[in-house]
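The next block holds one structure in the form of structure tokens; read it before the comments.
Here is how names work: the chains are called A, B, and so on, in the same order as the sequence lines, proteins then strands, and each is numbered from 1.
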2 protein chains.
Amino acid sequence: MTLHPELERANSRGRPRQFDPDEALTAAMRVFWEHGYAGASISILVKAMGLNRGSLYATFGDKEALFHRVMELYEREKTAYMMDALDQPTARGVAERLFRGTLALQTNSDNPKGSMGIVHSVSHAPGDEAIRTFVMERSNFWREKLIDRMIEAQRQGDFPSTIDAKSLALSLKASSDGLLVAAGTGASAAELSGIVSIFLATWPGK
Amino acid sequence: MTLHPELERANSRGRPRQFDPDEALTAAMRVFWEHGYAGASISILVKAMGLNRGSLYATFGDKEALFHRVMELYEREKTAYMMDALDQPTARGVAERLFRGTLALQTNSDNPKGSMGIVHSVSHAPGDEAIRTFVMERSNFWREKLIDRMIEAQRQGDFPSTIDAKSLALSLKASSDGLLVAAGTGASAAELSGIVSIFLATWPGK
DNA sequence: TTAATTATTGACCGTTCGTTCTAAATATAT
DNA sequence: ATATATTTAGAACGAACGGTCAATAATTAA
């Protein structure tokens with residue numbers, strides 16, 4: 001793992017790049033999203049990104065560094081709704097925003113199906129431990145935020161005190177993950193919407 | 001992909017095996033469960049199974065055939081509770097049996113964490129399409145059974161007619177999958193139990 | 001005892017993997 | 001023009017992959 005060189009260098013000297021780094025990164029995100037880290041070979045990546053091996057390593061560092069860049073982009077462009085959800089005024093609002101965001105993400109035909117996070121969280125392939133650790137850190141960060149938010153919601157009386165706030169948070173995360181699994185394994189938009197309807201209909205409190 | 005030879009051949013002639021095929025298969029199941037199909041290299045498998053490459057191929061056929069054998073064993077020994085759940089008298093009973101079974105499976109310290117099915121369902125690595133298709137067929141079979149069961153439950157008045165039976169079935173599957181994801185990504189037994197409590201507390205009807 | 005049969009062992013095959021490297025191409029600064 | 005800087009292109013690297021094979025060992029049938 002190396003520190004990556006700057007993407008935008010504003011060079012004046014030297015032969016100019018024949019590819020756009022941002023477009024290449026977007027293409028790489030799609031490849032990792034569709035195929036997973038292990039399945040995204042350098043050969044597939046360079047073809048999709050429109051550059052050659054040398055340029056990939058010179059611009060982005062090695063495969064792991066490229067993946068880190070891709071995850072940044074993924075979280076900024078695709079899963080920002082997860083942090084947004086925490087700002088909703090009630091626990092139900094958080095759940096609703098979370099589910100609707102997932103629905104929108106998975107229904108958008110431009111996006112590959114399923115979640116980049118989950119794919120890499122559940123895979124224990126040798127050689128991918130570092131990747132799994134990296135993804136899990138992000139996932140755990142989000143998990144803690146959600147627990148804190150539900151504890152706060154309980155203080156505000158959003159749901160009965162008989163319900164354990166942490167468990168509610170974890171069940172919300174599990175439901176969201178289950179929805180993403182369904183999306184990644186071929187469920188239709190109508191089916192996903194139906195699942196969300198049930199989740200929201202059975203949500204306890206306001 | 002080749003047709004596998006018989007596991008138990010009752011040979012009298014020839015050099016006897018120095019390993020037990022059933023034990024070897026159980027060891028292979030653990031490896032696939034922990035590392036996934038792509039991550040379970042032949043080198044890792046033969047070491048865990050206590051035989052050499054030649055014997056593996058002679059006894060079980062190629063890697064894909066071995067995986068099929070492993071999935072048979074996995075479903076027979078580990079996930080039988082899923083089909084059992086369908087026999088419960090009410091919709092709530094189905095959900096309860098399903099969740100309790102998942103809890104028991106994931107809490108048993110002899111078992112690797114997470115679900116073999118989900119790991120291979122969400123992985124789109126090139127070269128694993130056949131594996132993914134195979135696993136998805138099993139998953140879809142179970143899915144259809146669950147939908148039929150919830151339609152029947154609605155006819156019997158287990159939950160209000162305002163609820164869409166198919167969506168309830170899919171949400172139950174999503175919840176179960178989410179629980180398995182949680183289990184596979186390090187959730188404690190107490191946390192898993194808490195999630196199940198929420199799921200059951202919010203289950204609609206009897 | 002001999003022939004036939006089956007299992008074990010480890011070398012070996014071609015392919016693909018991530019990564020590196022060298023030579024050629026293309027730009028700017030002087 | 002010439003030197004310097006950067007990218008491109010593709011060959012090449014060692015390691016690991018799934019899979020095969022010939023030689024040897026161990027057993028039973030004749």
Side-chain angles (χ1 to χ4, degrees), chain A residues 1-21 23-24 28 31-32 35-70 123 125-131, chain B residues 1-21 23-24 28 31-32 35-70 123 125-131:
Chain A
M1 183 165 55
T2 61
L3 289 182
H4 57 71
E6 294 302 320
L7 238 80
E8 314 297 338
R9 202 167 331 154
N11 287 328
S12 50
R13 292 226 287 273
R15 180 173 176 172
R17 282 206 184 94
Q18 293 183 344
F19 64 94
D20 181 277
E23 288 178 12
V31 173
F32 280 123
H35 299 113
Y37 183 79
S41 70
I42 302 291
S43 297
I44 296 177
L45 283 166
V46 297
K47 194 172 296 181
M49 295 169 74
L51 41 71
N52 52 48
R53 296 169 103 81
S55 299
L56 189 155
Y57 279 85
T59 307
F60 299 101
D62 63 10
K63 189 181 178 183
E64 192 170 339
L66 174 61
F67 184 78
H68 291 169
R69 292 293 196 92
V70 160
S123 153
D128 293 9
E129 297 88 2
I131 294 300
Chain B
M1 185 165 56
T2 62
L3 289 182
H4 57 72
E6 293 303 320
L7 236 80
E8 313 297 336
R9 202 164 333 148
N11 287 328
S12 49
R13 290 224 288 273
R15 180 174 178 172
R17 282 205 183 94
Q18 295 183 342
F19 64 93
D20 181 277
E23 288 178 13
V31 174
F32 280 123
H35 299 111
Y37 183 80
S41 70
I42 302 291
S43 298
I44 296 176
L45 283 166
V46 297
K47 193 173 296 182
M49 295 169 74
L51 42 70
N52 51 49
R53 295 170 100 82
S55 299
L56 190 156
Y57 279 86
T59 308
F60 299 101
D62 63 10
K63 189 181 179 183
E64 191 170 339
L66 174 62
F67 183 78
H68 291 170
R69 292 293 197 92
V70 161
S123 152
D128 292 9
E129 298 88 3
I131 294 300

From [X] atom [atom1] to [Y] atom [atom2], the distance as rounded to the nearest 0.5 Å:
X        : Y       : atom1 : atom2 : answer
B/Asp128 : A/His35 : CG    : NE2   : 11.0 Å
B/Phe60  : B/His68 : CZ    : NE2   : 14.5 Å
B/Asn52  : B/Ile42 : CG    : CD1   : 12.0 Å
B/Leu56  : B/Met49 : CG    : CE    : 4.5 Å

Just how far, in rounded Å, is [atom2] of [N] from [atom1] of [X]?
X       : N      : atom1 : atom2 : result
A/Asp20 : D/dT7  : CG    : P     : 14 Å
A/Lys47 : D/dT8  : NZ    : C1'   : 18 Å
B/Arg17 : C/dT5  : CZ    : P     : 18 Å
A/Met49 : D/dT8  : CE    : P     : 12 Å
A/Ile44 : C/dC17 : CD1   : C1'   : 11 Å
A/Tyr57 : C/dC21 : OH    : P     : 12 Å
A/Lys63 : C/dT16 : NZ    : P     : 15 Å
A/Glu64 : C/dT19 : CD    : C1'   : 14 Å

Results of side chain to side chain contact (heavy atoms under 4.5 Å, CB included) for B/Arg15 - residues two or more places apart only: B/Gln18
B/Pro16 or A/Ser43, whichever maps to the more 5' nucleotide of DNA chain C: B/Pro16
DNA chain D: 5'-proximal contact among A/Gly14 and B/Ala38 (nearest heavy atom):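 The residue closer to the strand's 5' end, by nearest nucleotide, is A/Gly14.
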Tabulated below should be each protein N or O lying under 3.5 Å from an N or O of nucleotides 9-12 of chain C; please produce it.
unit_1: C/dT9; atom_1: OP2; unit_2: B/Asn52; atom_2: ND2; d: 2.9

Heavy-atom pair of closest approach, residues A/Arg53 and A/Ser43: NH1-OG, 3.5 Å
Closest approach of B/Phe19 to B/Ala24 (non-hydrogen atoms, all atoms of both residues): CD1-CB, 4.1 Å
Sugar-phosphate only, base, or nothing, as touched by B/Ala40 at under 4.0 Å among non-hydrogen atoms: sugar-phosphate
D/dT4 OP1/OP2 closer than 4.0 Å to side-chain N/O of A/Arg13: no
